[in-house]
Protein chains: 2
Amino acid sequence: MINRENGVACYQQLSEILIKQIEKGIFKPGSQLATEIELSKRYRLNRHTVRQAIERLENEGFVYKIKGKGTFVASDKINYKVSKRTSFTTSILDVGLNPDARLLESYEIAAGRELSKRLNIQFSDRIIVLEIVRFVNKMPFCHTTSFLSKAKFPELRSLINGSFSLVAVLKKHYGVDAVRKSSTFEVSTPETSDMDILMISQKVPILLVKSISKGQDGEVVEYCVTKFRRDMCSIIVDFNGEGR
Amino acid sequence: MINRENGVACYQQLSEILIKQIEKGIFKPGSQLATEIELSKRYRLNRHTVRQAIERLENEGFVYKIKGKGTFVASDKINYKVSKRTSFTTSILDVGLNPDARLLESYEIAAGRELSKRLNIQFSDRIIVLEIVRFVNKMPFCHTTSFLSKAKFPELRSLINGSFSLVAVLKKHYGVDAVRKSSTFEVSTPETSDMDILMISQKVPILLVKSISKGQDGEVVEYCVTKFRRDMCSIIVDFNGEGR
DNA sequence: CCTGTATAGATGTATAGACAAGTTGGAGGC
DNA sequence: GCCTCCAACTTGTCTATACATCTATACAGG
């Protein structure tokens, strides 16, 4: 199966063999791949070479690994829609899945240089920080850190408790209609804390989305940084839609 | 420098040491990192362990490697702006850099199942395919494959020669005002052909953006797939702006 | 001056062995 | 029956060695 004379690295050949098998649907999502040792015997390769091959599958989001258990075929990516007005809950419900959220922490900090610029407030103004983990079908999906001006939303921390639709709280209690204005997309790798929260290894890339929302008056309402498990989603940006 | 008792993998410790050094600006973009062997001697680690550490830096876009030469500190990412109407050229000029493009290939194919759906045409209709590589400051930046209906733009292939602003050609010769309607963002890894075109190794992730543009009449004009070197850019989506 | 060769040094690939750490299931004791 | 503990199996980490491949430089020969 592995050609050792054609100049193509063995681990790349094995990668492609495995990807083809997965794409053909030979394995169902969640099913276990052959173990590293089985593969190394079957293809007459060293275990490290097999690991190199599987590493690429992991990076591409085809498989995930659990130490002590094995390597498993990943589920299809979720098509996560982002537009001016989409919220997490509606986006996930739209694709027929089950959204959930948990407020990890809420605290206050001084704005500092970067945040004061983003939120268009003073350097020493207080900022409310909300950290929320969102789940899809009970699996951790993304980790959002939101920054809002304390002066504008003084009671936000107590209001948010129990409700995870920030947009709804802002609308109901402050009459603010927050609309996404811009988002920046980057690929990164998780920090230690994110590894625990999102239950991934450091080797799995994450999609980093930084968004700015503004109110009716054009003032910045929220700056948020969301870390998506990149193996779980592809993100669809709708330039037109008001969403729903 | 490396603590072997605290339960943190050596390669992760080294990763963080190197990242900190780079972030502090000790190395300027383009400067060479210590070689693998130097690092392995300095930190008393095996060369493979050093390679594991550097692999993460490469994945994060901090460094790039050239076989036979060494490992080099990468430049800052380009903030590439995408909105309804931004074009590559204006986006790059906006950030003060030098855009360029080259038409790799143009050819025709039958639509087939997926493309006919995307372009809203018949299964057997002909499609014009344009492959364009775009450069920033002479460095390959992205690879775009555009799909357009041959019936709508019969002479496109000869018109496009020499001009790389597809939008301008459509406007000038067909009176069509193409506006981006939606874009899908995914992280992937390059195919063999992309590795050559974008001059990257298979290990460097790429950002895959699939976009749909429509004309004034609301009909789909273009479906394009763009592969960005993810180490070279972060992408900013503007939900409001008409761009320019 | 140009060219081809030799060499040193860099990363890339493959192999081998060892141990760590997490998971699972079964044997054995209670 | 239930619990504990151990053995087997899995992935994770580290080391060691060897050779391939590519780059750059130096140098000899034309």
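These numbers come from a predicted model, not from an experiment. First the proteins, then the strands, lettered A, B, ... as listed; each starts at 1.
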Does A:Lys69 have a side-chain nitrogen or oxygen under 4.0 Å from the phosphate oxygens OP1 or OP2 of C:dT24?
yes

Find out whether A:Asn79 and A:Lys81 are in side-chain contact, i.e. whether some heavy atom of one side chain is under 4.5 Å from a heavy atom of the other.
no

Donor on one side chain, acceptor on other, B:Ser40 and B:Asn46, under 3.5 Å
no

Using the ring of each side chain (for Trp, its six-membered ring), is A:Phe228 parallel, tilted or perpendicular to A:Tyr80, with breaks at 30° and 60°?
tilted

Provide, to the nearest angstrom, the distance between the CG atom belonging to A:Leu14 and the P atom belonging to C:dA14.
10 Å

Take the protein atom NZ of B:Lys67 and the nucleotide atom C1' of C:dT13, then report the distance between them rounded to whole Å.
8 Å

Residues in contact with DNA chain C, drawn from residues 44-63 of chain B - heavy-atom cutoff 4.0 Å:
B:Arg47, B:His48, B:Arg51

Taking atom P of D:dT23 as reference, at what distance in whole Å does atom CD1 of B:Ile66 sit?
9 Å

Taking the side chain as C-beta and beyond, is there a heavy-atom pair between B:Phe88 and B:Ile132 under 4.5 Å?
no

Side-chain N or O of A:Thr71 closer than 4.0 Å to phosphate OP1/OP2 of D:dT11:
yes

Mapping B:Gly70 and A:Arg4 onto DNA chain C by nearest heavy atom, which one lands closer to the 5' end?
B:Gly70

Please state how far atom CG in B:Leu33 lies from atom P in C:dG9, giving the value in whole angstrom units.
19 Å

Can you find a side chain N or O atom of B:Lys65 that sits less than 4.0 Å from OP1 or OP2 on C:dG12?
yes

Closest to the 5' end of DNA chain D, once A:Thr35 and A:Gly7 are matched to their nearest nucleotides, is A:Thr35

Taking atom C1' of D:dA16 as reference, at what distance in whole Å does atom NZ of B:Lys41 sit?
15 Å

Separation of atom OH in B:Tyr11 from atom C1' in D:dT15, rounded to whole Å:
15 Å

Between the side chain of B:Asn137 and the main-chain N/O of B:Asn98, is any donor-acceptor distance below 3.5 Å?
yes

Kindly point out which of D:dT11, D:dC14, C:dT13 is positioned nearest to the side chain of A:Gln12?
C:dT13

With a 4.5 Å cut-off on side-chain heavy atoms, are B:Arg44 and B:Ile2 touching?
no

Step by step, would you call A:Glu131 with A:Tyr107 a side-chain contact (heavy atoms from CB on, under 4.5 Å)?
CA-CA 9 Å; A:Glu131 292 203 25; A:Tyr107 49 92; 2.9 Å; yes

In whole Å, I'd like the distance from the CG atom of A:Leu39 to the P atom of D:dT11.
9 Å

Whole angstrom value for the distance that separates C1' of D:dA18 from CD1 of B:Ile37
13 Å

